[in-house]
Amino acid sequence: MSQSTPDHIPVIAVDGPGGSGKGTITTRLAEHLGWHFLDSGALYRLTALAVMKHKVSLDDAAALGEIAANLDIHFETHDGTVKAVLEGVDVTPQLRLEKTGVVASRIAAIPAVRAALAERQRRFRQAPGLVADGRDMGTVIFPDAKLKIFLTASAQIRAERRYKQLKDKGESVNLTRLFKEIKARDLRDQSRNVAPLRPAEDAVIIDSTDLNIEEVFEKVLSLL
Ligand code: DC
């Protein structure tokens with residue numbers, strides 16, 4: 001496949017912390033527009049699963065970079081649901097576990113990991129357009145995105161939303177612990193040296209603390 005960026009293809013970049021509603025909004029937006037969808041967090045999570053599978057130390061930056069560079073992954077869509085496949089094995093059930101998110105956040109601070117995943121993410125830019133969900137979509141991966149949105153919400157409400165999501169999936173969770181983990185993850189994502197979580201200068205910031213998904217979606221559509 002060509003490595004050049006087809007920069008005439010429009011991108012909508014939606015960045016923000018976990019639990020801000022990005023996933024729901026971007027999936028709906030991609031469906032609404034009939035555009036491709038990049039869940040960049042899933043790539044970091046798949047890398048985390050590969051790291052755990054191969055028992056690579058989180059302190060071995062070179063080995064982590066190697067894992068990210070040689071990642072054998074793909075996504076399969078069946079009846080509207082997306083399956084994540086790592087080395088031929090369906091790892092969808094492990095993808096959203098809190099543990100996977102924590103390791104993903106740790107390895108996401110390693111420059112070699114980010115560099116290895118950057119090109120893979122840019123390859124999702126295909127006609128007629130791409131909706132990209134992440135932390136650095138508007139700042140690093142697609143700085144020329146047509147529309148950049150930074151979706152955020154208070155840590156408390158994000159913890160409550162995550163709590164409900166995980167509970168609905170049958171995971172046993174503790175709200176106070178979740179709140180602390182979210183704060184710790186925010187801090188790690190915001191304070192890392194490479195591609196820290198922050199709004200692009202030309203991003204529109206939407207605070208979803210007091211908005212429901214419908215209201216956020218309407219707001220996004222009005223920006224298009
Ligand atoms: O959005 P998520 O919870 O699936 O992301 C998991 C972790 O991956 C998140 O804590 C930080 C990292 N990540 C990143 O550094 N850059 C991205 N574009 C997406 C995710």
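In this text, all values refer to a predicted model and were calculated from it rather than measured experimentally. Indexing begins at 1, ligand by ligand and atom by atom, following the structure's order.
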- Among protein heavy atoms, which lies nearest atom 7 (C) of ligand 1, and at what distance? A104 CB, 3.8 Å
- Task: Would you verify whether the NZ or CZ of R28 falls within 45 degrees of the ring axis of F217 while also being under 6.0 Å from that six-membered ring's centre?
- Result: yes
- Task: Using a 4.5 Å cut-off on heavy atoms from C-beta on, say whether the side chain of F75 contacts that of D39.
- Result: no
- Note on the structure: So for R192 against ligand 1, with non-hydrogen atoms under 4.0 Å, the contacting part is side chain
- Message: Within the structure provided, determine whether L43 and Q121 are in side-chain contact (heavy-atom separation under 4.5 Å).
- Response: yes
- Query: Any idea which protein heavy atom is nearest atom 19 (C) of ligand 1, and the distance to it?
  - Reply: S40 OG, 3.4 Å
- Query: Is any side-chain heavy atom of L224 less than 4.5 Å from a side-chain heavy atom of K146?
  - Reply: no
- Could you tell me whether the side chains of S105 and R188 share a donor-acceptor contact shorter than 3.5 Å? yes
- Query: Considering only the protein, which heavy-atom contact is closest to atom 8 (O) of ligand 1, and what is its distance?
  - Reply: Y44 CB, 3.4 Å
- Message: Counting only heavy atoms closer than 4.0 Å, does ligand 1 sit against the backbone of D189, its side chain, both, or neither?
- Response: side chain
- For the residue pair L95 and L49, establish whether any side-chain heavy-atom pair is separated by less than 4.5 Å. yes
- Message: Considering non-hydrogen atoms of the protein only, which is the closest contact for atom 1 (O) of ligand 1, and what is the distance?
- Response: R135 NH1, 2.8 Å
- Task: Just let me know how R45 lines up against ligand 1, side chain, backbone, both or neither, with a heavy-atom cut-off below 4.0 Å.
- Result: side chain
- What is the nearest protein non-hydrogen atom to atom 12 (C) of ligand 1, stated with its residue, atom name and distance? A108 CB, 3.7 Å
- Query: Looking at E171 and R96, does any basic side-chain N land under 4.0 Å from a carboxylate oxygen?
  - Reply: no
- Any heavy atom of R96 under 4.0 Å from ligand 1? The part involved is side chain
- Message: Any nitrogen or oxygen of R185, side chain or backbone, less than 3.5 Å from one on ligand 1?
- Response: yes
- Answer yes or no for S105: is there a heavy-atom contact with ligand 1 below 4.0 Å? yes
- Would E181 and K99 pass as an ion pair if we require N to O under 4.0 Å? no
- Item | Within 6.0 angstrom of N174 CG, more than 12 heavy atoms from elsewhere | yes
- Query: Considering only the protein, which heavy-atom contact is closest to atom 16 (N) of ligand 1, and what is its distance?
  - Reply: R114 NH2, 3.0 Å
- Task: Just jot down the ligand 1 atoms closer than 4.0 angstrom to any heavy atom of G134, in number order.
- Result: 18 (N)
- Query: Quick one: does M137 get within less than 4.0 Å of ligand 1, heavy atoms only?
  - Reply: yes
